[in-house]
Amino acid sequence: MTKIDRFYGEDLLITLKCFFGFETTLAEELQELGYQETEILNRAVRVKGSWRDVYFLNLYARCAISVLVEIDRFYIQEEKDLLKCLQRIDWTEIIGSNQTFAIRGAVHSQIFKNTHYPFLLAKDAIVDVFTAKNKPRPNVDTKQPNLLFDLYISEKQATISFNTSGAPLFQRGYRSEVGEAPLNEVVAAGLVRMSGWDRKTPLLDPFCGSGTLLIEAALLATGVPSNIERQHYAFKRLKNFSSTLWEEIYENAPRIVRQLPVRIFGSDISDEMVIKTRRNLRSFSFGRLIEISSKSFEEVERPEGEVFILTNPPYDERLKIDVTELYGNLGSWLKHNMSPCQAWIISGSEEGMKSIGLKPSKKMSLFNGDIPCEFRGFEMFKGERKVKMEN
């Protein structure tokens, strides 16, 4: 069996890439989707499956940035070995002469002094194969390629894969309006899961911005795939693409929601952001069921019963605000107005987090895009169990 036969076969190595810190969360999501055998990697999780699984995961995986299918894996001793190994792949069976392509990835190897050089070698290898077969060569397009390949080199081991998603999966297709510093959709989906929200307790975001956390929470609670509004996937440009199989998976996905299984509501002090949230919610049948109000967090009244707070307050890197005052007021509001409750806060401001004045029960280091953040959980109780305060 050739490398291309394996690539187009039904016994695939599928790697789902994710942001740093979300590996375990993605693995747990995959297990919930039915993939019990998962291998956690650096910023990725690997499973085995078929092309049906590739289609399914692109649609259903909320915490993945992209879905890769391995083409080949090999060992190299020196730079020229990479070129030779990649020339053994019949690229004419994957790329059409009229298509564009790009190669991205990561290089962690002392073999290469310049970490960009392996990508140039990979491009040369593809061109060489087309030239050897007397076929017109495809062009490179680094911005919007038809086909995207992932080259990962760890010391002497190299892996070349096809990125079946193409554009990152956080490009959901539902968000037409964003704020000055929007929360990445994949990050938002990961935060909802990571917080431990039971999908039964009413969820509140008092800094809802353009509504990403609220939308991802509603998608999870209803079972509607996060990528239900997305239409573009790179696997549709492959020679083996089955429109019948894709349409079967897509049409069977839940999308009509007449009633939310749990109350989901949010607010923002900015009238403009509330309008943007409502516009983004129009994409979904449950959009009108999510409650949005224009008010500051201090004006939000605590509902009867339990409440789960998940939010991303503004911080100094994106808006010129007094984070010490804002986060201090937030901590006081949580303690005096919202107890008892669970609250999870993500922020890129260390100063802001310290100013909350509450001792977190859990905290994690994450990235929202390129911004390092802290994700902290707080548990507040009334009566005999006191709110934990930081020393």
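The structure displayed is predicted, hence computed values, not measured ones.
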Minimum heavy-atom distance between [X] and [Y], given as atom pair plus value:
X    : Y    : answer
L26  : C18  : CD2-CB, 3.8 Å
G369 : V187 : N-CG2, 4.4 Å
A188 : E216 : CB-CG, 4.0 Å
N146 : A234 : O-CB, 4.1 Å
V274 : S294 : CG2-CA, 3.8 Å
A102 : T142 : CB-CA, 4.2 Å

Among side-chain atoms of [X] and [Y], is any donor-acceptor pair under 3.5 angstrom?
X    : Y    : answer
Y55  : T164 : no
T159 : E70  : no
N280 : T277 : no
D198 : T201 : yes
D268 : S270 : no
E374 : S365 : yes

Is the number of heavy atoms from other residues, nucleotides or ligands under 6.0 Å of [X] [atom1] greater than 12?
X    : atom1 : value
K239 : NZ    : yes
E306 : CD    : no
N114 : CG    : yes
E304 : CD    : no
E10  : CD    : yes
I269 : CD1   : no
E350 : CD    : no

Do [X] and [Y] come close enough that some side-chain heavy atom pair is under 4.5 Å?
X    : Y    : answer
M380 : M338 : no
L330 : L326 : no
F265 : L203 : no
F130 : S97  : yes
F7   : N240 : no
V45  : E39  : no
W344 : Q342 : yes
F375 : I345 : no

* Asked: Does NZ or CZ of R255 lie under 6.0 Å from the centre of the six-membered ring of Y250, at an angle within 45° of the ring axis?
  -> yes

Is [X] salt-bridged to [Y], cutoff N-O under 4.0 Å?
X    : Y    : result
K17  : D150 : yes
D53  : K48  : no
E185 : R62  : no
K156 : E79  : no

Hydrophobic cluster identity match, [X] and [Y], side-chain contacts under 4.5 Å:
X    : Y    : answer
F235 : I4   : yes
I215 : M194 : yes
Y152 : L147 : no
L33  : I249 : yes
L169 : F20  : no

Between [X] and [Y], is the ring centre distance below 6.0 Å?
X    : Y    : result
W333 : F297 : yes
F149 : W91  : yes
F19  : F367 : no

* side-chain contact (heavy atoms from CB on, under 4.5 Å) between L86 and F74: does it pass, once the steps are laid out? -> CA-CA 9 Å; L86 291 174; F74 45 83; 3.9 Å; yes

* Could you walk me through whether I71 and I89 pass the side-chain contact (heavy atoms from CB on, under 4.5 Å) test, one step at a time? => CA-CA 9 Å; I71 299 173; I89 300 169; 4.1 Å; yes

Check whether any side-chain N or O of [X] sits under 3.5 Å from a backbone N or O of [Y] as a donor-acceptor pair, and report yes or no.
X    : Y    : result
N227 : N58  : yes
S347 : S349 : yes
D322 : E325 : yes
S285 : V257 : yes
S154 : Q157 : no
R376 : K362 : no

Reported [atom1]-to-[atom2] distance for the pair [X] and [Y], which is rounded to 0.5 angstrom:
X    : Y    : atom1 : atom2 : answer
I40  : L30  : CD1   : CG    : 9.5 Å
T100 : K143 : OG1   : NZ    : 13.0 Å
S165 : L59  : OG    : CG    : 11.0 Å
L151 : K123 : CG    : NZ    : 14.5 Å
E32  : L220 : CD    : CG    : 7.0 Å
I290 : L281 : CD1   : CG    : 5.0 Å

* Stepwise, does the side-chain contact (heavy atoms from CB on, under 4.5 Å) test hold for E155 with H108? -> CA-CA 6 Å; E155 294 306 332; H108 307 284; 5.5 Å; no

* Verdict with supporting geometry, L219 and Y174, side-chain contact (heavy atoms from CB on, under 4.5 Å) -> CA-CA 12 Å; L219 289 166; Y174 67 70; 4.3 Å; yes

* To do: Begin from the C-alpha positions of D205 and T311 and carry the test side chain to side chain donor-acceptor pair (under 3.5 Å) through to its verdict.
  => CA-CA 5 Å; D205 180 0; T311 193; 2.6 Å; yes

* **Sole candidate of F241, W51, Y233 that passes ring-ring contact (aromatic ring centres under 6.0 Å, His included) when paired with W246** => Y233

